[in-house]
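Below, read A as the first sequence line, B as the second, and so on, with proteins coming before strands; counting in each chain starts at 1. What you see is a predicted model, and the numbers here were worked out from it, not measured in a lab.
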2 protein chains.
Amino acid sequence: MVTIRDIAKRAGVSVATVSRTLREPEAVRPAKRDAVNQAIEEMKYVPNAIAQQLRRPRHEAIIVIVPEIANPFFSEIVQSIENVAHELGYRVLIGETQGKQERLDYYAEMVTSRVADGLILLGSLLPSVVRATVKAGKPLPMPLVLACESYAGLNCPHVVIDNVAAAKLAVQHLIEVGRKKIATITGPMVNSLCADRLRGYHSAMVEAGLTPEAGWIVDGDFSIESGHSAMLRLLELESRPDAVFCANDEMAIGAQQAIQEKGLTIPGDMAIVGFDDLRFGAYASPPLTTIRQPTNELGETAMRMIDAMLHDKPLTEQSVVLAHQLIVRRSSGAQERLASNK
Amino acid sequence: MVTIRDIAKRAGVSVATVSRTLREPEAVRPAKRDAVNQAIEEMKYVPNAIAQQLRRPRHEAIIVIVPEIANPFFSEIVQSIENVAHELGYRVLIGETQGKQERLDYYAEMVTSRVADGLILLGSLLPSVVRATVKAGKPLPMPLVLACESYAGLNCPHVVIDNVAAAKLAVQHLIEVGRKKIATITGPMVNSLCADRLRGYHSAMVEAGLTPEAGWIVDGDFSIESGHSAMLRLLELESRPDAVFCANDEMAIGAQQAIQEKGLTIPGDMAIVGFDDLRFGAYASPPLTTIRQPTNELGETAMRMIDAMLHDKPLTEQSVVLAHQLIVRRSSGAQERLASNK
DNA sequence: CATATTTTTGTAAACGTTGCCAGAACGCAA
DNA sequence: TTGCGTTCTGGCAACGTTTACAAAAATATG
């Protein structure tokens, strides 16, 4: 390995001059600067980032933690984080937990051990160190921003959407297009965000004077398969619903498949609304009505927040709530209803 | 920041003893060991990974570079890399290039500058340093494994599937189920793998005595949208094909959508075969016949290869070719054909 | 040309670990 | 108690940078 000392020797200068040539070239006489650059070129010197980081207080690196990289919803957020990060001069390291606390803690430790400066957390798990300090009512043990989800009692900057209101909007849409027997397929209830969406469902039903029947609330785990099997359960009910609100698009896609397998039509026999606005949803058959989460803004805002924290700029907001949006496509039967009205 | 020296002072021992307590606890007397551990506990000491890495030759970290994290095909491979990596004791950092040479070089430099030990490269771009050494006929400048794609003239371990044979198999399947007017939607031709798939298409056609007409070969860019627009172009042809082989599943999904928008049926009017076996393909409507790439094995093999390189174990194979598999679902009309035969 | 001022350079001390080496403490036998 | 072999421990030099500070060189001023 060629070091700064080798370059210094070759160029006939001191190591300080080499370092300066790299860090602030204006501060060194052109003649020496050229000699140094030439030596660097000749010997193919690349500064050892580890050694640099040992000296420098900050590394301009952040870690983004995702439960599952293969989930397009998360990967879209990651993508927008990446874009802003590069613009701000950070490198982004992505870590995947697959729901395992152990892996999450592993990545979190990369921050305490100074490999990265801060953490953006997607998903619902918290690093144990964070949980511990929260319990003790102490300040955060590291620069941290939560995207997607927030925690009651955790005083940590976060960027979210209003899941209660969004779910409510989805269900209200089903009600507006004339459905009354509305079921819901929920996500794993350990996520507070799933509880919120269920609350939104209830709230819309109650306000419309509708009562969810027993069996209309089935739980899935966000996977296509779970949506499929949850829907099969709904279809066997004696009082079969005529619409379903799914807590994410993947389950909605699985549900649509199940409906069509049983020879029923969408939206004729069953209207569907999903959540997330996955790319694939627009190409499902029929195209999926859904709630759009602003993945771009989520990622961008999270990145800007962590940047602010790392540079001790005051955060304008501890809690940012972004706007969601109802995307109406064919699966909810809005068109059909309009047609029959005329 | 609490350092090893703080712990040494608190526990009344030397820094060496603290370090040893952490590295090889058996080598230190229980009494001191306990004192040290207690101090660590009390002061919440976490070793500075950067400093450790400066001393240690190896960091047990690898970088996986992906063109696009949101592409489920890549993210599935990443997932299996992660699994094996954790088992082997590596940490995995994921970098996304979005097709930009500059970002790729950036991550590659993390290896030359010792942040990570090696690189697994998915996709078709090569780091400039690698390209340079290859041109010059020199050995690789860093431990590197290619997954998905290999390069003529680049003597680098890689794990791939036989894209020519796989594409050929897909097209032969269409021929077997009775189609003769078979078109193809290709990926971006900068990828050698797309050229391979096109070659497989040609080869199957020629062997069956079929001649692709002008206009039957349209190019896409692997996105759903491009599959959609490519299919619209195919549908406008005077001699409309009755089957299409798409170079990946996302384009196939876009293509199916376009067909149905035009009021045509799948597989009746148009049979479709995709490539990759994305999770979503099985839930498309109709479910997509496709070529399954063994994403798990791809990732696992790549990870084991880089591990071998990093530990100077001789690689059993420089070039691993994994088996592909035809997955027959409804979109290619195999069932219908069977039915009409009986 | 001497002196004062500014600019450029080099020396050396960090940064937080690890691990070699020498020496201290211990255990055991005589 | 002494001597000897083992086991533990501590001091200190790395690892490759950056940067404060002092020293040297260049430039300006009279």
With no hydrogens and no angle check, is any side-chain donor or acceptor of [X] less than 3.5 Å from a backbone partner on [Y]?
{"X": "A:Glu82", "Y": "A:Val92", "answer": "no"}
{"X": "A:His158", "Y": "A:Cys156", "answer": "yes"}
{"X": "B:Asn191", "Y": "B:Cys194", "answer": "no"}
{"X": "A:Ser19", "Y": "A:Ala16", "answer": "no"}
{"X": "A:Asp221", "Y": "A:Pro188", "answer": "no"}

First encountered from the 5' end of DNA chain D, between B:Ser14 and B:Leu54: B:Ser14
Contact nearer the 5' end of DNA chain D, comparing B:Pro30 with A:Ile4: B:Pro30
With a 4.0 Å cut-off on heavy atoms, is [X] in touch with a base, just the backbone sugar-phosphate, or nothing at all?
{"X": "A:Thr17", "result": "sugar-phosphate"}
{"X": "A:Arg114", "result": "nothing"}
{"X": "A:Arg56", "result": "sugar-phosphate"}
{"X": "A:Val13", "result": "sugar-phosphate"}
{"X": "A:Arg20", "result": "base"}

Protein-nucleotide distance ([X], atom [atom1]; [N], atom [atom2]), rounded to Å:
{"X": "B:Lys32", "N": "D:dG10", "atom1": "NZ", "atom2": "C1'", "answer": "9 Å"}
{"X": "A:Arg29", "N": "D:dA26", "atom1": "CZ", "atom2": "P", "answer": "6 Å"}
{"X": "A:Gln52", "N": "D:dT18", "atom1": "CD", "atom2": "P", "answer": "5 Å"}
{"X": "A:Lys9", "N": "D:dG16", "atom1": "NZ", "atom2": "C1'", "answer": "14 Å"}
{"X": "B:Ile50", "N": "D:dG16", "atom1": "CD1", "atom2": "C1'", "answer": "13 Å"}
{"X": "A:Glu24", "N": "D:dT17", "atom1": "CD", "atom2": "P", "answer": "17 Å"}

Hey, is the side chain of [X] poking within less than 4.0 Å of OP1 or OP2 on [N], counting only N and O atoms?
{"X": "A:Ser19", "N": "D:dT18", "result": "yes"}
{"X": "A:Arg5", "N": "D:dG16", "result": "no"}
{"X": "A:Gln53", "N": "D:dT17", "result": "no"}

Report yes or no: do [X] and [Y] form a side-chain donor-acceptor pair below 3.5 Å?
{"X": "A:Tyr45", "Y": "A:Asp6", "answer": "no"}
{"X": "B:Gln79", "Y": "A:Glu96", "answer": "yes"}
{"X": "A:Gln101", "Y": "A:Arg131", "answer": "yes"}
{"X": "A:Ser128", "Y": "A:Asp105", "answer": "yes"}

End-to-end axis angle, where each axis spans five pairs of the helix from C:dC1-D:dG30 to C:dA30-D:dT1, to 10°: 50°
First encountered from the 5' end of DNA chain C, between A:Val15 and A:Glu26: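 It is A:Glu26, whose closest nucleotide lies nearer the 5' terminus.
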Within 6.0 Å of NZ in A:Lys9, more than 12 heavy atoms from elsewhere: no
Check: B:Arg55 side chain, D:dA14 base, donor-acceptor under 3.5 Å: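 Such a pair exists between side chain and base.
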For chain B, the stretch of DNA chain C it reaches, first to last nucleotide, under 4.0 Å of its heavy atoms: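 From 5' to 3', the first and last contacting nucleotides are C:dG16 to C:dC26.
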